[in-house]
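Sharing a structure here in structure tokens format.
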Amino acid sequence: MKTEFIVNNNRYNPSDIEPKWQKQWEREQCFIVTHKDNRPKYYVLEMFPYPSGRIHMGHVRNYSIGDVVARLKRMQGFNVIHPMGWDAFGLPAENAAIKNKTHPAEWTYQNISYMKAELKKLGYSYDWSKELATCHPGYYKWEQLFFLKFMEKGLVYRKKAPVNWCPKCLTVLANEQVESGVCWRCESVVERKELSQWFLRITRYAEELLECLDSLSQGWPERVITMQKNWIGKSTGMEIDFQVEGLDKKIRVFTTRQDTLFGATFMSLAPEHELVQELIQDSPDKNQITAFINKVIRMDQLDRTADNMEKEGFFTGKYCINPVNGEKMPVFIANFVLVEYGTGAVMAVPAHDQRDLEFARKYDLPVRVVVQPEDGGALSDDMEKAYAGPGTMVNSGQFDGMGNEQFKEAIADFLEEKALGKKTVNYRLRDWNISRQRFWGAPIPIVYCEQCGAVPVPEEDLPIILPQNAIMPEDGKSPLPELKSFLDTPCPQCKGKGRRETDTMDTFVESSWYFARYADPRNENAPFDKKASKYWLPVDQYIGGIEHAILHLLYSRFFVKALRDIGYLEIDEPFSNLLTQGMVLKDGAKMSKSKGNVVDPDEMISKFGADTVRLFCLFASPPEKDLEWSDSAIEGASRFLNRLWRLTMELLPELKPVGPCKVLDQLSLNHAEKSLRTKEHETIMKITRDMIDKFQFNTAIAGAMELVNAIYHSKDELKDSFNGQEVLSSAISSVLTVLSPITPHVCEELWAMLGYDYPLSQSSWPQYDSLALQRDEVLVVIQVNGKLRSKISVPADISREKLGQSALKDEKALKHIQNKEIIKTIIIPQKLVNIVVKD
RNA sequence: GCGAGAGUGGCGGAAUUGGCAGACGCACUGGACUUAGGAUCCAGCGGGAUAACCGUGGGGGUUCGACUCCCCCCUCUCGCACCA
């Protein structure tokens, strides 16, 4: 057995050993798991890829990190589920289908099979028996069921609303998918359209989504939590009604500053506000105002919210009445008021709001200070900057003199008592528009009937399958609205003529629950078996890019809560711990075809082997930070594995498989033996801390390299010493064991060559011996006035006094002490002596 | 503008959380082995006249001692951005 290896392989040849171990792991089903197991479970998951055609370096980095975690946790004794699948619906498949005159499914499944082979070449320890593709009816059937269940619970509704339209993708987008006015996918400027769409009522969970973020603060990066908090955008305040003069109408505003109500001098409405038409009805400037409104409404999101957008407005000709002081306030239409936030109407308090002040100055409207700061000069109405801070109430009738914070409460109670207003909580979060005018997505299980309206498809008729015979039209539109075989169907209720919904679901719906399906992906009777999902969920460690900080991560959190409330899940949150890995850069920029700075993983694997690629990805940078690709640095990684290979080869004839961290009697070891053994155990301690506690694989690898260097430097001496062979064998075994999650193939190979009859993939994480950490002598630093002057080696157990005395005897230190008065001496045992002197 | 994070050799990055700044690697320099070296091994590698000394974006402070803690400032990255 042993000789066979040596004869065939005295050179490190990854292209031989990697496929060999991959086949063996597969043959022995090493990574296939079930929930029927007594070990504690651990669920590690990486964000599944869109099958775009090829794996890119970003994937390699993401999945390499995940694989290290999976292999590590297995070695720690967990029953690890580590699944992989495909986020398989999406627009690129449609475009490719048009180009190649095929069906999107064909392109998608081809890509899946190619990319799966690529992933296998990287040696990832996935349980492939749990693989899923979201475009498979066996998957989206359950999503359609969830849609129906959500509908029963009022979590789904259809509404005609202004929506975000991407003119290039020819579909609507959810608010989360519009990033500063442009489409998240193609960066086209988003347009406004009025359409009837299906919405998921994520806002019902706004408060819980916000609150639970606190429970995630241990396991999630703070910035993701902050981003989600901002997105949910909770603010507490009041809704207050203002009577319109001469009309039987009220304008309701939302404000967080009800304490400034006495300072409200005019009213601003969004151009889309429902009362606008009625208010301008009799205005002599009606035509001008209408033109203004149309201009603003027609502007795209990007321009309308641009920095340099000047505040503009028009007086409607109407007044409303300030409910607390009965004053007349002119009602304006203003371009900066957003219809989608609050009530689309703002009480303007120019003295205490910068926007209102600018507007007031422009249109010469009155400014009235109602909050005077306690310190600093008193504010007057000709102020140049609005004051938003705390202070004392003035110009506020009987409330003058009160602190504004206190008044905020008081006026709230007062207004509620008089039925003029209501305390409310407002969120920026909007309901999730999931209708997409695309073909390659999960059909929404609804039939429209002239008699019965929008009728849900009965459960037993699911799945509604995407037609296999659809031909993608050249114009890029969905073929579904024209496809009679799909469209025509009897109404489930009255059996009359019905027409299927042709919109499909946002692809973010699929990714909102795939992690739960992995628990039981082949179940044909339910989305997942209760026992299986209860055992595996939640995901213990989730790993992916920061770009999903809001999108996917917020939707998934919502889905889990909704599925919990309809009885499918028992968890509150999907992902206990989240690691957001940095991007892979080349020449300082994200890799992209257009920049021509793409590094192809396949090419790297065939050149250096998967282990080297994995090692480089983990060594070059800590996981959260961006990683700069370097052709010469990957050669360094390759060089290290070669060095490890040669070292083991050289020592092979001398070594027996004694196991990592072999128990040895410290007293029987000579100096060199003890020294390497100490280094071995120190390294295990360091790597355990770095890898298991901190996921800092870069420093863990550095530690392993140090140990390899130490073995190199002592091997010639130890080869012939009494205990040397055992010390060397233990040290090498330790290196192979701790590196095995990172570079599994080469470690397995060398491990087997050392003569072990069980694989590393079934080994345990090594335990260091704290006795081995103890050194007889330690190096102590001597400082004079805080400056390093010397280093001395002293017995580890030396007393403080003796240590101080030794320091004062040190020649190099003496040079800096001579003729000076010693004021004091700081002694830190085993570390340092600082002698403080006076000139 | 608001919020978060970062700034350390030629480069990627370390530093047990207040105790040797620059681990580990890349690049580079010298040497060895060699028909050859882009393989390997050995040595060096912050600056500086290799002496003092100066060095973790800049300036102050606390401390025996500061990359680390406090205050002010500069720069960069990311997120949000008229949210009432």
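To find a chain, count down the sequence lines: A is the first, B the second, and so on, and within it residues start at 1.
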Quiz item: Looking at the side chain of Phe619(A), which of G12(B), A84(B), A27(B) is the nearest nucleotide?
Solution: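 For Phe619(A), the side-chain atoms sit closest to G12(B).
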Expected rows: protein N/O vs nucleotides 41-43 of chain B N/O, under 3.5 Å:
unit_1 : atom_1 : unit_2    : atom_2 : d
C41(B) : OP1    : Arg643(A) : NH1    : 2.8
C41(B) : OP1    : Arg646(A) : NH2    : 3.4

Quiz item: What's the CG-P distance between Asn698(A) and A23(B), to the nearest Å?
Solution: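 Roughly 15 Å, once rounded to whole Å.
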Quiz item: To the side chain of Met705(A), which of A14(B), C26(B), G25(B) is closest?
Solution: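 Ranking A14(B), C26(B), G25(B) by closest atom to the Met705(A) side chain puts G25(B) first.
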Quiz prompt | CZ/Arg192(A): more than 12 non-hydrogen atoms of other groups inside 6.0 Å | solution =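 More than 12 within 6.0 Å, yes.
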Quiz item: Under 3.5 Å, is there a donor-acceptor pair between the side chain of Ser790(A) and the main chain of Ile782(A)?
Solution: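 Here the side-chain-to-backbone pair does not exist.
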Quiz item: Syn or anti: how is U50(B) classified when any glycosidic angle within 90° of 0 counts as syn?
Solution: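 This nucleotide is in syn.
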Quiz prompt | Syn or anti conformation of G9(B), syn meaning chi within 90° of 0 | solution =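 Here the answer is syn: the torsion falls within 90° of 0.
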Quiz item: Of the nucleotides A81(B), A15(B), C82(B), which one has an atom closest to the side chain of Gln696(A)?
Solution: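 Of all the options, the side chain of Gln696(A) is nearest to A15(B).
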Practice problem: Starting from C1' on C20(B), measure out to NZ on Lys812(A) and report it in whole angstrom. | Solution: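 The distance from NZ of Lys812(A) to C1' of C20(B) comes to 13 Å, rounded to the nearest Å.
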Scan the side chains in residues 822-834 of chain A for donor-acceptor partners under 3.5 Å anywhere in the protein, sequence neighbours excluded, and list what turns up.
unit_1    : atom_1 : unit_2    : atom_2 : d
Gln830(A) : NE2    : Ala796(A) : O      : 3.1
Asn834(A) : OD1    : Gly786(A) : N      : 3.0

Quiz item: Out of G13(B), A84(B), C78(B), which nucleotide sits closest to the side chain of Thr256(A)?
Solution: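 The nucleotide sitting nearest to the side chain is A84(B).
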Quiz prompt | Syn or anti for U62(B) (syn when the glycosidic angle lies within 90° of 0) | solution =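 Here the answer is anti: the torsion falls beyond 90° from 0.
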Quiz item: More than 12 non-hydrogen atoms from neighbouring residues, nucleotides or ligands closer than 6.0 Å to CD on Glu717(A), yes or no?
Solution: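 Check fails, neighbour count at 12 or below.
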Quiz item: Atom NZ of Lys625(A) to atom P of A6(B): distance rounded to whole Å?
Solution: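 Interatomic distance, NZ of Lys625(A) to P of A6(B): 9 Å.
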Quiz item: If the P atom of A23(B) is compared with that of U16(B), how far apart are they to the nearest Å?
Solution: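 Per the computed distance, 15 Å lies between those P atoms.
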Quiz item: Under 3.5 Å, is there a donor-acceptor pair linking the side chains of Arg185(A) and Gln177(A)?
Solution: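 No - no donor-acceptor pair under 3.5 Å links their side chains.
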Quiz item: Picking from A23(B), C20(B), G13(B), which would you name as closest to the side chain of Glu706(A)?
Solution: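 It is A23(B).
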Practice problem: Give me the ring orientation class for Phe359(A) and Phe266(A): parallel if the planes are under 30° apart, tilted from 30 to 60°, perpendicular past 60°. | Solution: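 Because their plane-to-plane angle is under 30°, the rings of Phe359(A) and Phe266(A) count as parallel.
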Quiz item: Considering only the C1' atoms, how many Å lie between G18(B) and G13(B), rounded to the nearest integer?
Solution: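 Looking at atom C1' only, G18(B) and G13(B) are 22 Å apart.
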Self-check item: Distance, rounded to the nearest Å, where Met583(A) contributes CE and C78(B) contributes P
Solution: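 It is 8 Å, rounded to the nearest whole Å.
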Exercise. Return the value, rounded to whole Å, for the distance between atom CZ of Phe608(A) and atom C1' of G25(B).
Key: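 Taking atom C1' of G25(B) as the reference, CZ of Phe608(A) is at 15 Å.
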Quiz prompt | Distance, rounded to the nearest Å, where Leu641(A) contributes CG and U40(B) contributes P | solution =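 Interatomic distance, CG of Leu641(A) to P of U40(B): 12 Å.
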Self-check item: Between G79(B) and C28(B) - P atom distance, rounded Å
Solution: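 C28(B) and G79(B) have their P atoms separated by 36 Å.
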Quiz item: Any N or O donor-acceptor pair linking the side chain of Lys831(A) to the base of C20(B) at under 3.5 Å?
Solution: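 Donor-acceptor pair under 3.5 Å: no.
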Exercise. Check the surroundings of atom NZ in Lys250(A): do more than 12 heavy atoms from other residues, nucleotides or ligands lie under 6.0 Å from it?
Key: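 Not more than 12 within 6.0 Å, no.
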Exercise. Please state whether the rings of His552(A) and His548(A) are parallel, tilted or perpendicular, taking 30° and 60° as the class boundaries.
Key: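 Perpendicular, since the angle between the ring planes exceeds 60°.
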Quiz prompt | Rounded distance in Å - CG (Asn642(A)) to C1' (G25(B)) | solution =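 Rounded to the whole Å, the gap is 15 Å.
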Practice problem: Nearest-nucleotide wise, let me know which of Ser630(A) and Thr226(A) is further upstream toward the 5' end of RNA chain B. | Solution: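 Closest to the 5' end, via its nearest nucleotide, is Thr226(A).
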Practice problem: Classify the nucleic acid contact of Asp626(A) as base, sugar-phosphate or nothing, counting any heavy atom under 4.0 Å across all strands shown. | Solution: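 The residue Asp626(A) makes sugar-phosphate contact but no base contact.
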Each nucleotide N or O in nucleotides 62-67 of chain B that has a protein N or O under 3.5 Å away: list the pair and distance.
unit_1 : atom_1 : unit_2    : atom_2 : d
C64(B) : OP1    : Lys824(A) : NZ     : 3.4
C64(B) : O2'    : Asn834(A) : ND2    : 3.3
C64(B) : O2     : Asn834(A) : ND2    : 2.5

Exercise. With the side chain of Arg223(A) defined as its heavy atoms from C-beta on, choose the nearest nucleotide among A4(B), C24(B), C82(B).
Key: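 Closest nucleotide among those given: A4(B).
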Exercise. Taking atom C1' in both C82(B) and C76(B), compute the distance separating them and give it to the nearest angstrom.
Key: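 Pairwise C1' distance, C82(B) against C76(B), rounds to 27 Å.
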Quiz item: With under 30° as parallel and over 60° as perpendicular, where do the rings of Phe314(A) and Phe292(A) fit, or are they tilted in between?
Solution: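 Phe314(A) vs Phe292(A) ring planes: tilted.
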Self-check item: Audit row: Glu176(A), Tyr555(A), side-chain hydrogen bond (donor to acceptor under 3.5 Å, both in side chains) steps and yes/no
Solution: CA-CA 10 Å; Glu176(A) 290 78 12; Tyr555(A) 295 145; 2.8 Å; yes
Quiz item: Counting only heavy atoms not in Lys815(A), do more than 12 sit closer than 6.0 Å to its NZ atom?
Solution: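 Atom NZ in Lys815(A) is not packed in, count stays at 12 or less.
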Exercise. Please check if any side-chain donor atom of Asp587(A) sits under 3.5 Å from a side-chain acceptor atom of Asn597(A), or the reverse.
Key: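 Side chains of Asp587(A) and Asn597(A): no pair found under 3.5 Å.
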Exercise. With P as the reference atom in both, quote the distance from G44(B) to U56(B) in angstrom, rounded to an integer.
Key: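 Their P atoms lie roughly 26 Å apart.
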Quiz item: Quick check: are there more than 12 heavy atoms from other residues, nucleotides or ligands sitting under 6.0 Å from NZ of Lys607(A)?
Solution: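 Atom NZ in Lys607(A) is not packed in, count stays at 12 or less.
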N/O to N/O distances under 3.5 Å, protein versus nucleotides 54-57 of chain B:
none

Quiz item: Just wondering, more than 12 heavy atoms not from Phe254(A) lying within 6.0 Å of its CZ?
Solution: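 Counting other residues, nucleotides and ligands, CZ of Phe254(A) exceeds 12 neighbours.
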Self-check item: Distance-only donor-acceptor check, side chains Tyr427(A) and Glu207(A), under 3.5 Å
Solution: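 Yes, a side-chain donor-acceptor pair sits under 3.5 Å.
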Donor-acceptor contacts, no H, no angles, side chain residues 685-694 of chain A, under 3.5 Å, sequence neighbours left out:
unit_1    : atom_1 : unit_2    : atom_2 : d
Lys686(A) : NZ     : Asp690(A) : OD2    : 3.0
Thr688(A) : OG1    : Ile684(A) : O      : 2.5
Thr688(A) : OG1    : Trp765(A) : NE1    : 2.9
Asp690(A) : OD2    : Thr699(A) : OG1    : 2.8

Quiz prompt | Pairwise C1' distance for U68(B) and C20(B), with rounding to whole Å | solution =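 Roughly 15 Å separates the two C1' atoms.
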Practice problem: Give the nucleotide from the list G12(B), A84(B), C20(B) with an atom nearest to the side chain of Leu788(A). | Solution: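 Of the candidates, C20(B) comes closest.
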Quiz item: How close or far is atom P of A23(B) from atom CG of Leu707(A), stated in whole angstroms?
Solution: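 In whole Å, A23(B) P and Leu707(A) CG are 18 Å from each other.
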Quiz item: Using Watson-Crick and G-U wobble pairs whose two distances are both under 3.5 Å, how do you write the pairing of RNA chain B as dot-bracket, with | for links to another strand?
Solution: (((((((..(((......[....))).(((((.......))))).((.....))..(((((..]....))))))))))))....
Self-check item: Gap separating the CD atom of Glu811(A) from the CZ atom of Arg789(A), nearest 0.5 angstrom
Solution: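 Glu811(A) CD to Arg789(A) CZ: 15.5 Å, rounded to 0.5 Å.
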Quiz item: Counting only side-chain N and O atoms of Arg789(A), is one of them less than 4.0 Å from OP1 or OP2 of C53(B)?
Solution: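 So the side-chain polar atoms of Arg789(A) do come within 4.0 Å of the phosphate oxygens OP1 or OP2 of C53(B), strictly under.
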Quiz item: Pick the nucleotide of RNA chain B nearest each of Lys791(A) and Lys694(A); which residue has the one closer to the 5' end?
Solution: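 Checking each residue's closest nucleotide, the 5'-ward one belongs to Lys694(A).
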Quiz item: In whole Å, what separates the P atom of G7(B) from that of A84(B)?
Solution: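 Straight-line distance between the two P atoms is 33 Å.
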Practice problem: Rounded to whole angstrom, note down the P distance from A21(B) over to G31(B). | Solution: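 32 Å, rounded to whole Å.
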Quiz item: OP1, OP2 of G25(B) versus side-chain N and O of Asn709(A): anything below 4.0 Å?
Solution: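 Yes, Asn709(A) has a side-chain N/O under 4.0 Å of OP1/OP2 on G25(B).
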